[in-house]
Asker: 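Let me begin by handing over the structure; questions about it come next.
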Amino acid sequence: MQMGTNFSFIEENYKRILYNVDETVAKYRKSDEKVDIIAVTKTVAPDAVNFAISCGINKIGENRVQEYLSKKDYYDKKADVHFIGHLQSNKVKYIINDINLIQSVDSIKIAQQINNFAEKTGKIQDILIEVNVGGEETKYGISPNMLKDTVLEISTLNNVKIKGLMTILPINASEEIFYKMQKLYIDILEENIDNIDMKILSMGMSNDYQTAIKYGSNMIRVGSALFGERVY
Ligand SMILES: *Cc1c(COP(=O)(O)O)cnc(C)c1O
């Protein structure tokens, strides 16, 4: 760690996020419902990430394989690591041993690839299925009308386990889109599909996590609200 670096703003940001989460849960959700906070680390130096972990963050979100590989040795190992960026098939082997949850499974093909590598290492890899609920061409994710069939197909793979859904919402999404995502999640949950364990709805980032919690999110992914605006 660079001596004298003052990260107290990260602690203040974290406390503000916790306060907002608690307030939103109290307003819209059952009091025993928990919301997990994932600290999104893209472009953030490992010492700042470790400071966040010392404040109580216990899950970090990684977007890019290269960046993760260059930083992972410096990370405090106390935190779980989630992969949240678009994952290319040829990169799966570099991360399969370390990642607790791959949130960004956006095709049957990548699920099969993860399954193959997980099988080799004797692992059952937890995954979320990424949904492009806003139907944006620029975003990855399964389209809502393909979701059930995709989940059914991936559920037949032995070395991956579906734990829920993830989405990256359009900027300034209307509440109808949040609601649409909540409904997709509940619909799949109520299907009671074999070999899946629907528990996680990963929705909401720095600008919209309170609305996401209102619509059932139990996992928010925050970068800039925690670490400050990204420089690049
Ligand atoms: C960057 C990123 C986030 C966090 O974005 P902020 O707006 O900085 O909170 C969340 N999820 C994914 C997939 C991201 O790439």
Side-chain angles (χ1 to χ4, degrees), residues 7 9-21 24 35-46 48-49 51-53 55-72 75 79-88 91-92 95 99-107 110 114 126-142 163-173 177-178 181 185 200-232:
F7 288 129
F9 69 94
I10 295 174
E11 186 165 23
E12 284 158 32
N13 287 343
Y14 182 49
K15 284 183 179 156
R16 185 177 329 107
I17 295 164
L18 283 176
Y19 178 86
N20 290 340
V21 167
T24 312
V35 175
D36 263 320
I37 299 171
I38 311 301
V40 176
T41 65
K42 58 182 179 255
T43 78
V44 179
V49 174
F51 183 84
I53 293 169
C55 295
I57 285 288
N58 61 9
K59 296 180 184 72
I60 62 174
E62 295 292 317
N63 277 79
R64 302 173 185 124
V65 171
Q66 279 313 321
E67 184 178 339
Y68 171 64
L69 295 177
S70 73
K71 285 155 73 174
K72 68 172 199 168
Y75 283 152
D80 281 2
V81 184
H82 291 191
F83 197 80
I84 62 172
H86 175 65
L87 185 57
Q88 290 166 298
K91 301 271 173 70
V92 172
I95 64 161
I99 302 291
N100 300 88
L101 180 67
I102 300 176
Q103 296 204 11
S104 42
V105 173
D106 54 13
S107 67
I110 193 73
I114 294 167
D126 287 342
I127 60 170
L128 304 182
I129 306 301
E130 181 172 350
V131 183
N132 185 1
V133 69
E136 294 170 287
E137 272 176 29
T138 54
K139 292 223 165 95
Y140 291 104
I142 308 294
K163 293 282 180 177
L165 305 179
M166 181 272 237
T167 191
I168 304 172
L169 294 164
I171 296 167
N172 299 321
I177 295 188
F178 291 83
M181 190 63 212
Y185 175 75
I200 299 171
L201 176 55
S202 175
M203 167 167 82
M205 319 203 303
S206 292
N207 291 324
D208 60 7
Y209 65 86
Q210 287 164 287
T211 312
I213 292 167
K214 176 177 173 185
Y215 288 97
S217 170
N218 55 21
M219 185 171 281
I220 61 171
R221 308 178 308 269
V222 289
S224 49
L226 184 64
F227 294 114
E229 286 302 322
R230 282 181 289 278
V231 276
Y232 59 94

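Both counts, for ligands and for their atoms, begin at 1 and track the order of listing. Just so you know, these numbers use all the heavy atoms, side chains as well, and skip hydrogens, waters and symmetry mates. Please read these numbers as outputs of a predicted model, since none were measured by experiment.
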Asker: Measure from every N or O atom of ligand 1 to the protein's N or O atoms and keep only the pairs below 3.5 Å, writing each with atom names and distance to 0.1 Å.
Answerer:
from     : atom 1 : to   : atom 2 : distance (Å)
ligand 1 : 8 (O)  : S224 : N      : 2.8
ligand 1 : 8 (O)  : S224 : OG     : 3.0
ligand 1 : 8 (O)  : R230 : NH1    : 2.8
ligand 1 : 8 (O)  : R230 : NH2    : 3.2
ligand 1 : 9 (O)  : S206 : N      : 3.0
ligand 1 : 9 (O)  : S206 : OG     : 2.4
ligand 1 : 9 (O)  : G223 : N      : 2.9
ligand 1 : 11 (N) : R221 : NE     : 2.9
ligand 1 : 15 (O) : K42  : NZ     : 2.7
ligand 1 : 15 (O) : N63  : ND2    : 2.7

Asker: Is it true that a side-chain atom of N218 and a backbone atom of L201 form a donor plus acceptor pair closer than 3.5 Å?
Answerer: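 Yes; judged by distance alone, with no hydrogens or angles, the pair exists.
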
Asker: Could you work out, with salt bridge (Lys or Arg N to Asp or Glu O under 4.0 Å) as the rule, every residue matching E12, not counting sequence neighbours?
Answerer: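 If we apply the salt bridge (Lys or Arg N to Asp or Glu O under 4.0 Å) test to E12, skipping adjacent residues, there are no hits.
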
Asker: For K91, give me all partners under salt bridge (Lys or Arg N to Asp or Glu O under 4.0 Å), at least two apart in sequence or on another chain.
Answerer: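 Applying salt bridge (Lys or Arg N to Asp or Glu O under 4.0 Å) to K91 gives none.
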
Asker: Pick from E130, Q103, H82: which one makes a side chain to side chain donor-acceptor pair (under 3.5 Å) with S202?
Answerer: Q103

Asker: Please identify each residue that fulfils salt bridge (Lys or Arg N to Asp or Glu O under 4.0 Å) with D36, with sequence neighbours left out.
Answerer: K59

Asker: Give a yes or no on whether the backbone of T43 and the side-chain of E67 come within a donor-acceptor separation of less than 3.5 Å.
Answerer: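 Yes; judged by distance alone, with no hydrogens or angles, the pair exists.
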
